[in-house]
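Every number for a ligand or one of its atoms is a count from 1 in the order of the listing.
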Amino acid sequence: MVKDRYDVVLLPGDGTGREVIREGQKVIEAIQEGSSLKFNLTHVDGGAVYYRDHGSEWEPGGREKVEKADAILLGAVGWPGVVRPDGNIAGYELVLGLRFGLDLYANVRPCRLYPGVVHKIGDEFKEVWKPENVDMVIFRENTEGLYTPAHGELTRGGRTEVAVDTRIITEKGAERIIRRAMEFARRRSRGAPEDGVKRVTCVDKSNVLRGCQFFRETFRRVAQEFPDLEPDYAYVDAFAQWVVRSPEHYNVVVTTNMFGDIVTDLASVIQGGMGFAAGGNVGDQRGMFEPVHGSAPKHAGKNEVNPFATFEATRMMFDWLGEKHADPRLGREAARIEAAVAKALSSGKAKTYDQGGKVSTSGAGDVVAELIRQSA
Ligand code: IPM
Ligand code: MN
């Protein structure tokens, strides 16, 4: 249902998360200026540093505000030296807590090299990593696998002797992420850069792991309902080299939680680095969007990190909200963000340090916000 105003909670979290969310807010405000679309933007404080200072990961009432929001934009969590006694990372509630708590089972991570962006590996691959060759979306299962909270230690006499994590793959968990990836591939206007084929690649380790055999079996079964798509298979170890050597082969990729965590960081190097990697954590009802890079303590407070992953996360949030509420204005505004981002990047006027430039985080935000205003 179309709404007059959408409630968006901004969860800056820790470190550079706070700096990039400020720029995300700038972009949302620039969009509002030239549009009938309106947002209530609410900041909720929390994370590792908050936990260190207040003994709780959420500001009072913060979790309730998040529960009620139409969408969530998260910065990053984690801070050196801040640990929780239960062994979870400090900031857990904002990331893993919400993924499980709101059942955000799909972690959707586009990997696309924009014209003007420098990828992060040596020059000899210049020809392979042309922008037109890098355009895939990786679907990472987000609520089970090795992240299932079926873990613990065997501690005897105060000494930990064994630690164990149990990797759980359920039919429900596998089926819904696979289905989601295939539905996305069906709706996507383009296929793989290599040949335009609407390929969906199942990444697993089914030559060894039972859970992966089950995941692949489920993939085969669901694929029968999508005869318009080309099913494709890769073991995760082989995928790690192919995604770098032949990114043009990939269109939509679906994988389990831990593998998805790893291969999306790996794939980020062919899209220009973690400064460009964004993710949507989406379930059937709720959505939380975030840059995939962490709180980057080394860079925090310097106004130097790349905010483009946050702009991409913001664009994804608009797209998702637009589909959920059948509000075409949001899709149009998402396209306006994308166009401004593409223009900012190809002009070279928003190059942050990681791209060999000197533009600050807020400077890059200003460039994109100004381009959005011009496109009103
Ligand atoms: C990510 C991050 C998280 C994860 C951490 C911060 C818990 O690395 O979103 O990829 O492991 O999923
Ligand atoms: Mn990660």
Side-chain angles (χ1 to χ4, degrees), residues 11-18 20-21 24 46-52 57-58 72-84 86-111 120 137-151 165-168 173 177 203 236 239-240 243 253-271 273-283 286-300 305-306 309-310 312-314 316-317:
L11 267 183
D14 296 306
T16 58
R18 306 183 84 81
V20 294
I21 290 301
V49 172
Y50 195 91
Y51 174 75
R52 182 194 66 196
E57 287 202 7
W58 292 109
I72 306 156
L73 191 60
L74 170 71
V77 298
W79 201 247
V82 189
V83 288
R84 277 175 39 156
D86 65 1
N88 286 320
I89 66 157
Y92 177 95
E93 302 301 338
L94 281 71
V95 184
L96 298 172
L98 288 177
R99 288 179 186 169
F100 285 107
L102 303 179
D103 201 15
L104 309 175
Y105 62 83
N107 197 326
V108 185
R109 298 186 162 181
C111 173
K120 307 295 277 186
V137 181
I138 301 175
F139 282 69
R140 163 188 175 190
E141 202 292 320
N142 219 20
T143 53
E144 55 179 52
L146 211 40
Y147 281 60
T148 309
H151 47 216
D165 298 285
T166 313
R167 184 171 182 269
I168 305 274
I177 186 70
V203 170
V236 64
F239 178 77
V243 73
V253 174
V254 62
T255 190
T256 53
N257 202 343
M258 184 81 255
F259 294 161
D261 181 44
I262 298 167
V263 300
T264 53
D265 271 31
L266 172 65
S268 85
V269 300
I270 60 172
Q271 70 178 137
M274 292 299 282
F276 293 97
N281 301 268
V282 290
R286 310 300 309 274
M288 172 167 81
F289 300 81
E290 55 172 335
V292 179
H293 61 72
S295 56
K298 206 172 85 186
H299 299 283
V305 293
N306 183 340
T310 297
E312 171 67 2
T314 307
M316 293 174 78
M317 180 175 81

Are any protein N/O atoms closer than 3.5 Å to the N/O atoms of ligand 1? If there are, list each pair with names and the distance to one decimal place.
residue, atom, partner, partner atom, Å
ligand 1, 8 (O), D261, OD1, 3.4
ligand 1, 9 (O), R99, NH2, 2.7
ligand 1, 9 (O), R109, NH2, 2.9
ligand 1, 10 (O), R109, NH1, 3.3
ligand 1, 10 (O), R109, NH2, 3.0
ligand 1, 10 (O), R140, NH1, 3.2
ligand 1, 10 (O), D261, OD1, 2.8
ligand 1, 11 (O), Y147, OH, 2.6
ligand 1, 12 (O), R99, NH1, 2.7
ligand 1, 12 (O), R140, NH1, 3.2
ligand 1, 12 (O), R140, NH2, 2.8

Inset, instruction - Determine yes or no for a side-chain-to-main-chain donor-acceptor pair under 3.5 angstrom, with T310 supplying the side chain and G24 the backbone. - result: no

Legend entry - Atoms (protein N, O or S; no water) under 2.8 Å from the Mn ion (ligand 2): 1

Inset, instruction - Scan side-chain atoms only and decide if D86 and Y92 contain a donor-acceptor pair under the 3.5 Å cut-off. - result: no

Legend entry - Side chain D165, main chain H151, donor-acceptor under 3.5 Å: no

Inset, instruction - Using side-chain hydrogen bond (donor to acceptor under 3.5 Å, both in side chains) as the criterion, list what pairs up with R167, not counting sequence neighbours. - result: T256

Legend entry - Whether D14 side chain and S295 backbone form a donor-acceptor pair below 3.5 Å: no

Legend entry - Residues V77, E57; criterion side chain to side chain contact (heavy atoms under 4.5 Å, CB included); working and verdict: CA-CA 10 Å; V77 298; E57 287 202 7; over 6 Å; no

Legend entry - E141 and T143: side chain donor to acceptor below 3.5 Å: yes

Inset, instruction - Using modelled atom types only, decide if a donor and an acceptor are shared between the side chain of N281 and the backbone of L104 within a distance under 3.5 Å. - result: no

Inset, instruction - For L98, check side chain to side chain contact (heavy atoms under 4.5 Å, CB included) against everything at least two apart and list the hits. - result: L11, W58, R63, V66, L102, M288

